[in-house]
Amino acid sequence: FQLDEEMVRSYAGPLYNRAVEQIAANTPGGIPNKDQVATLASLRELLGIAMEDVYEVHVNTFGESYKKGIKEALGTTGVIREEFRAPLEDLRSRLGVSDKAAKDIYLEALGERMKPMVEYISNEMERLVLSNDQLAQKRGADYGEDYFKSGKRPSVSVFGSEI
């Protein structure tokens, strides 16, 4: 069309970004199907945009969907089993997320998944190791008086007789 290359680049970026946002808005779960991925690839080719130039818009648009996929693959153990690795890689490529961004999203998802587990383990270790007074001082909460600190069994009297 004999258009100036600089002018094409200035219009191509926003046009492609809008197309990505429209596809994301019309996909269930925020994950484009193979036809939509092919459409974006054709648009990039038409506009002369390299995939490396659009990684950021893909991460901004589809990053949460990729993180959700990682969290589901992590399961309860926090380890991605072998059978989930290939589908995750397929998801990453379909979403147009770079390897570096995928690693960052993985670490973020892993941190979100593991933080409650580590906090629980830490709290339980503190509860086992520290006394009620130490716990109250550390956590700023009153754990009450331990009436059975001596180790004696509780005694209850009912109508004058002790049980």
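The structure presented is a predicted model; accordingly, all values stated were derived computationally and were not measured.
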Hydrophobic cluster membership, Y11 vs V20, 4.5 Å side-chain cutoff: no
With heavy-atom distances below 4.5 Å as the criterion, would you say the side chains of D104 and E108 are in contact? no
Is it the case that more than 12 heavy atoms not belonging to K68 sit under 6.0 Å from its NZ atom? no
What I'd like to find out is whether the side chain of V37 reaches to under 4.5 Å of the side chain of K34, using heavy atoms alone. no
Could you check if a side-chain atom of I70 sits within less than 4.5 angstrom of a side-chain atom of F84, using non-hydrogen atoms only? no
Pairwise side-chain contact, Y16 with D53, heavy-atom cut-off 4.5 Å (strictly under): no
Exam field: side chain S98 to backbone E52, donor-acceptor pair closer than 3.5 Å: no
Heavy-atom count check: over 12 atoms from other residues, nucleotides or ligands less than 6.0 Å from Q137 CD? no
Of all the heavy-atom pairs spanning G29 and S65, show the shortest one and how long it is. O-OG, 3.1 Å
Non-hydrogen atoms of V97 and A102 that approach each other most closely: CG1-N, 3.6 Å
Where do A24 and T61 come nearest, in terms of heavy atoms and distance? CB-CG2, 3.3 Å
Between atom CG of L74 and atom CD1 of I80, what is the distance when rounded to the nearest 0.5 Å? 4.5 Å
For K103, is the NZ atom crowded, meaning more than 12 foreign heavy atoms sit under 6.0 Å from it? no
Between S42 (side chain) and A38 (backbone), is there a donor-acceptor pair under 3.5 Å? yes
What's the shortest heavy-atom distance between L95 and G30, and which atoms? CD2-O, 4.1 Å
Any idea which heavy atoms bring A109 and K67 closest together, and the distance? CB-CG, 3.6 Å
Counting only heavy atoms not in E124 (residues, nucleotides, ligands), do more than 12 fall under 6.0 Å from its CD? yes
Side-chain ion pair, R18 and E21, N-O less than 4.0 Å: no
Tell me whether Q134 contacts the main-chain N or O of S131 through its side chain, where contact means a donor paired with an acceptor under 3.5 Å. yes
Separation between CG of L40 and CD1 of I23, rounded to the nearest 0.5 Å: 3.5 Å
Taking the side chain as every heavy atom from C-beta outward, state whether L88 and Y106 have any atom pair closer than 4.5 Å. no
What distance do M51 atom CE and S93 atom OG have between them, rounded to the nearest 0.5 Å? 9.0 Å
Heavy atoms only: give me the nearest R113-K71 pair and the separation to one decimal. NH2-O, 3.2 Å
Using a 4.5 Å cut-off on heavy atoms from C-beta on, say whether the side chain of Y66 contacts that of V59. no
Got a donor-acceptor contact below 3.5 angstrom from the Q36 side chain to the N33 backbone? yes
Counterpart residues, ring-ring contact (aromatic ring centres under 6.0 Å, His included), relative to F62 (two or more places apart): H58
Under the salt bridge (charged side-chain N to carboxylate O under 4.0 Å, His left out) definition, can you give me all pairs with a residue in residues 85-98, not counting sequence neighbours? E82-R85, E89-R92, R92-D99
When rounded to the nearest 0.5 angstrom, what is the spacing between CG in L15 and CG in L43? 5.5 Å
Taking L91 as the starting point, is it possible to reach L107 by hopping between hydrophobic residues whose side chains are less than 4.5 Å apart? yes
